[in-house]
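Please read the structure below before turning to the comments.
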Amino acid sequence: MSVTSSSVGIVSAQYAAFDTPLALACGAVLPAYQLAFETYGTLNAAKSNAILICHALSGHHHVAGRYSESDKSAGWWDNMIGPGKPIDTERFFVVGVNNLGGCHGSTGPSSINPASGQPWGADFPMVTVADWVIAQARLADRLGIERWAAVIGGSLGGMQALDWSIRFPERIAHALVIASAPKLSAQNIAFNDVARQAILTDPEFHGGNFYGQGVLPRRGLRLARMLGHITYLSDDGMGEKFGRMLRSGEYQFGFDVEFEIESYLRYQGDKFSDSFDANTYLLMTKALDYFDPAREYGGDLVKALQRASAGFLVASFTSDWRFSPERSRETVKALVAAGRRVSYAEIESAHGHDAFLMLDPPYVELMRAYLGRVAAEISA
Amino acid sequence: MSAPALRPDLALVADWIKPSSRVLDLGCGSGELLAHLQQSKQVSGYGVDFAVDNVVRCVEAGINVLQADLEAGLAEFGDASFDVVVLSQTIQAMLHTEQILIEMLRVGREAIVTFPNFGYWGNRWQIMRGRMPVSETMPYQWYNTPNIHWCMLGDFEALCAKNGIRVLERVVMDKGRRIDFMPNLLGSLAFYRVSRQ
């Protein structure tokens with residue numbers, strides 16, 4: 001199969017404006033907002049073949065395809081979504097959405113606050129996974145989708161899929177929760193806080209209101225991303241890719257880039273800090289920290305999941321230590337105790353947390369198999 | 001959809017499972033038993049397998065499957081959460097043989113255990129001729145066999161007795177036929193239905 005034959009091709013973003021106020025979990029109310037989204041494939045007459053893709057920390061609505069013939073990079077999950085791919089756009093109508101608080105077209109801290117005529121900046125309210133799911137449900141209403149054939153996400157995206165299954169049980173047939181967790185561990189929150197501190201203490205952050213200052217808190221965002229990247233890779237994977245390789249072959253006895261891993265991390269950090277919004281990064285990490293669907297059910301995840309009626313696929317990756325298999329097994333254990341339909345796979349991979357974006361063969365086969373069943377159920 | 005034809009040993013296990021039961025199938029392979037039970041007896045439940053390829057096949061077959069190592073126990077499952085727990089031709093390959101038997105009857109009201117009978121005459125004959133047995137039900141050489149805990153009917157029953165486990169039913173088969181006469185000598189495959197009560 002050639003690359004072009006399995007691509008959704010040239011795509012473009014769409015925008016949906018909402019003027020029904022949205023009451024957020026933090027108590028604030030967003031009077032109006034817009035969501036950026038993309039769709040691929042065709043919604044069938046019964047409107048039963050829609051799949052929602054939820055993005056992780058730094059993701060967005062551009063999930064598959066390219067914006068032009070000369071576009072060098074495809075959507076972030078283009079390897080999984082397209083004609084003949086596991087999330088097959090010949091069978092499914094696939095929707096990607098940028099979450100509230102994002103920086104890729106949906107209303108977020110860099111958008112204009114209608115009350116002040118200035119960018120929201122630090123005034124943008126804290127958003128949670130639950131807020132996102134409710135906003136996504138409104139987008140589903142707008143698209144005429146009553147029930148998703150599946151909601152799919154990795155990492156923070158998996159948390160949204162899990163939340164969908166509890167919050168709107170009648171609106172989701174399947175939840176695919178990949179490399180995720182039912183709530184963050186102390187270690188995970190700790191990593192997030194170091195990332196936030198890097199941003200918050202950057203002098204160019206200006207308390208979140210840097211937009212009018214002609215500066216960007218690049219240094220902080222860059223550090224946050226570098227730290228993140230370390231936790232997304234496995235020790236083995238990093239060792240295999242970079243080892244102790246030196247750029248010049250010799251020790252320089254200085255603090256400039258010497259080891260290839262330093263070069264890689266700095267490159268990733270630079271690239272990210274040019275394109276991502278620091279306030280969005282803060283919000284996304286807080287959404288991760290706050291996620292705990294059991295909390296509304298007396299801390300009992302089983303009780304929370306007893307509300308769900310979807311079929312579940314939970315998958316984890318052996319070398320993922322940021323969202324380890326143990327964390328996925330907590331979700332599985334609660335689903336089993338709640339008597340839900342669930343399948344669980346622990347995929348052998350050296351790619352760490354990033355594995356959910358890679359194509360380890362058993363992972364691809366698993367996704368293909370599960371989504372094949374999803375398609376068969378709706379005769380797509 | 002009609003139920004697919006089932007391997008003869010699994011057919012016997014399926015016969016022992018009541019309609020609408022909650023079933024846990026340990027070492028479920030490609031999910032043949034559960035897929036059959038789901039279609040013909042409306043059972044619900046989960047398969048468990050260690051191999052990811054088997055997990056994928058189970059997902060294709062439309063059954064719930066959890067990838068896990070049985071040697072680690074059944075911590076994923078609560079007490080008495082299943083009507084029946086099945087372990088087909090796997091117990092002889094387990095390191096923690098006694099533990100899995102106890103675990104099966106913690107999470108299930110009943111357990112079905114099947115295993116190749118080491119006391120089968122064909123095995124004895126090969127031993128008498130000076131070699132470790134290799135057969136259809138035991139298709140490995142001594143140096144590459146995953147089967148590390150061989151037993152005969154009496155051995156398994158003694159292990160049950162030691163743990164206060166009652167044998168509810170026993171069937172012994174050879175080449176797809178029931179063996180009632182001298183089963184420990186003439187039967188190659190043993191089937192036990194056991195419980196705590």
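Naming convention: chains lettered A, B, ... in sequence-line order (proteins, then strands); numbering from 1 in each chain. A quick note: this is a predicted structure, and the numbers were derived from the prediction, not measured.
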**OP:** Select one option (side chain, backbone, both, neither) describing which atoms of A/Ala337 are under 4.5 Å from chain B's heavy atoms.
**Re:** neither
Original post:
Is atom CD of A/Glu326 surrounded by more than 12 heavy atoms (other residues, nucleotides or ligands) closer than 6.0 Å?
Top reply: yes
**OP:** Against chain A, work out which of B/Ala75, B/Ser81, B/Ser44, B/Gly45 has the most heavy-atom pairs shorter than 4.5 Å and name it.
**Re:** B/Ala75
Subject >> chain B contact via A/Val336 - which portion, at a heavy-atom distance below 4.5 Å >> reply: both
Original post:
What do you reckon, is CD of B/Glu136 surrounded by more than 12 foreign heavy atoms closer than 6.0 Å?
Top reply: no
Original post:
Between atom OG of A/Ser316 and atom CD of B/Gln67, what is the distance when rounded to the nearest 0.5 Å?
Top reply: 8.0 Å
Subject >> Over 12 foreign heavy atoms within 6.0 Å of CZ, B/Phe50 >> reply: no
**OP:** State whether the number of non-hydrogen atoms from other residues, nucleotides or ligands found under 6.0 Å of B/Trp121 atom CH2 is greater than 12.
**Re:** no
**OP:** Could you tell me which non-hydrogen atom of A/Val342 sits nearest to which non-hydrogen atom of B/Leu66, and how far apart they are?
**Re:** O-CD2, 3.7 Å
Original post:
Looking at side-chain heavy atoms only, is the closest gap between A/Tyr344 and B/Val55 below 4.5 Å?
Top reply: no
**OP:** Tell me, for B/Ala61 versus chain A, whether the close heavy atoms (under 4.5 Å) come from the side chain, the backbone, both or neither.
**Re:** backbone
**OP:** Please round to the nearest 0.5 Å and tell me the distance separating atom CZ of A/Arg341 and atom CD1 of B/Ile63.
**Re:** 13.5 Å
Original post:
More than 12 foreign heavy atoms under 6.0 Å from CD of B/Glu71: is that the case here?
Top reply: yes
Original post:
Of the listed residues (B/Asp49, B/Val59, B/Val52, B/Asp53), which shares the most heavy-atom pairs with chain A below a 4.5 Å separation?
Top reply: B/Val59
Subject >> Short side-chain to backbone donor-acceptor contact, A/Ser343 and B/Val65, under 3.5 Å >> reply: yes
**OP:** Specify which of B/Gly78, B/Gly62, B/Gly47 makes the most heavy-atom pairs with chain A at under 4.5 Å.
**Re:** B/Gly62
Original post:
What pair of heavy atoms forms the shortest contact from A/Ala369 to B/Glu60, and how long is it?
Top reply: CB-CG, 3.5 Å
Original post:
Does a sphere of radius 6.0 Å around CZ in B/Arg124 hold more than 12 heavy atoms from other residues, nucleotides or ligands, not counting ones at 6.0 Å or beyond?
Top reply: yes
Subject >> Within 6.0 angstrom of B/Glu169 CD, more than 12 heavy atoms from elsewhere >> reply: yes
**OP:** Write down the atom of A/Lys333, the atom of B/Glu76, and the distance for their closest heavy-atom approach.
**Re:** CG-O, 3.5 Å
Subject >> Side chain, backbone, both or neither of A/Leu335 within contact of chain B (heavy atoms, under 4.5 Å) >> reply: backbone
Subject >> B/Asn163, CG: over 12 other non-hydrogen atoms inside 6.0 angstrom >> reply: yes
**OP:** Supply the atom-to-atom distance B/Asn64 CG to A/Arg340 CZ, rounded to the nearest 0.5 angstrom.
**Re:** 11.0 Å
